[in-house]
Amino acid sequence: MTDSPEEIRARIEQTRTELGGDVDALADKVTPSKIVGRQTDKVKEAVGSVKDRVFGVADDAKSSLSDHSGNASGAISDAASTAKAKAEGNPLAVGLIAFGVGLLAASLIPASTKEKEVASNIKEQAQPLVDQVTDAAKEVGEHLKEPAQDAAAAVKDAATGAVDNVKSEATSAADEVKDQAQQSKDTVQNS
């Protein structure tokens, strides 16, 4: 530590520069639009990752099938193994693969006359119930419309209040830092 006025001024200037950088970083961190942007980027990255994994499994299965078209049973076995290996630890991919296999199997088996007849009878018998459920759902929807709007307005008000609070806190903190820096400067200049 020296008492040289030039060194003290240099340190004050360095401290002022560091404080300015900190205030800028703080203001950048609490800006609502930046917060929304960061959260949006996180969601996009998560969705993109899941999408890439699912499509990666599908592409691997497709390429495996086309590479081994000469030996269909071997290709299916390889594709199943590849899909299984890729899907381990990824329940969404497993669900999509299972859905695809079920859809493929259902499309290969035609409905029998008896199944069509039974489905038609069930549809006719269920129609009054479907109408009742539809009417009840409409009624519930109308009853919930106003409370949902009130809840949305309350959430909006709370979010607006929180944003205002964060802004005022950030402004107050920035002003306080500036005041302290000015006081330090004045103290050094007066001494």
Side-chain angles (χ1 to χ4, degrees), residues 1-60 83 86-100 103 129-191:
M1 291 296 234
T2 64
D3 293 332
S4 167
E6 290 82 25
E7 288 185 25
I8 293 173
R9 284 188 188 110
R11 282 190 277 160
I12 289 172
E13 191 59 38
Q14 180 183 1
T15 303
R16 183 182 297 156
T17 303
E18 290 173 0
L19 284 175
D22 291 344
V23 168
D24 290 344
L26 180 63
D28 186 57
K29 196 166 198 146
V30 298
T31 302
S33 62
K34 301 271 183 168
I35 293 170
V36 169
R38 285 193 298 268
Q39 296 302 323
T40 303
D41 290 343
K42 285 181 184 177
V43 171
K44 284 181 180 176
E45 287 176 16
V47 169
S49 175
V50 169
K51 182 179 161 188
D52 289 345
R53 283 192 278 175
V54 170
F55 284 124
V57 170
D59 287 343
D60 288 347
K86 293 280 185 175
E88 283 184 0
N90 191 350
L92 181 62
V94 172
L96 288 174
I97 290 169
F99 179 75
L103 186 63
L129 183 61
V130 170
D131 292 340
Q132 285 179 341
V133 169
T134 302
D135 292 341
K138 286 180 182 177
E139 186 176 326
V140 168
E142 289 177 12
H143 289 298
L144 291 178
K145 189 175 181 180
E146 187 174 330
Q149 288 175 342
D150 292 344
V155 169
K156 182 180 176 184
D157 290 342
T160 303
V163 167
D164 291 341
N165 189 20
V166 169
K167 280 184 178 178
S168 69
E169 290 289 329
T171 303
S172 174
D175 290 342
E176 187 175 318
V177 169
K178 285 181 183 178
D179 290 343
Q180 288 178 354
Q182 185 64 36
Q183 288 176 354
S184 297
K185 178 183 172 185
D186 293 342
T187 302
V188 170
Q189 286 178 346
N190 292 335
S191 58

Anything under 3.5 Å between a donor and an acceptor, one on a side chain of residues 138-160, the other on a protein residue two or more places apart or in another chain? List them.
from: Thr160; atom 1: OG1; to: Lys156; atom 2: O; distance (Å): 2.8

Applying salt bridge (charged side-chain N to carboxylate O under 4.0 Å, His left out), can you list everything that pairs with Asp135, at least two apart in sequence or on another chain? none
Taking every non-hydrogen atom, the tightest pair across Arg38 and Asp28: NH1-O, 3.9 Å
Per side-chain contact (heavy atoms from CB on, under 4.5 Å), Thr15 is matched among Ile12, Leu19, Thr17 by Leu19
Residue list, side-chain hydrogen bond (donor to acceptor under 3.5 Å, both in side chains) with Glu18, at least two apart or on another chain: Gln14
Residues two or more places apart in sequence or in another chain: which of them pass side-chain hydrogen bond (donor to acceptor under 3.5 Å, both in side chains) with Asp41? none
Could you tell me the separation between the CG atom of Leu103 and the CG atom of Leu96, rounded to the nearest 0.5 Å? 12.0 Å
Under the rule for salt bridge (charged side-chain N to carboxylate O under 4.0 Å, His left out), what residues qualify as partners of Arg16, not counting sequence neighbours? Glu13
Quick one: which residue pairs count as a side chain to side chain donor-acceptor pair (under 3.5 Å) with a foot in residues 171-185, not counting sequence neighbours? Gln182-Asp186
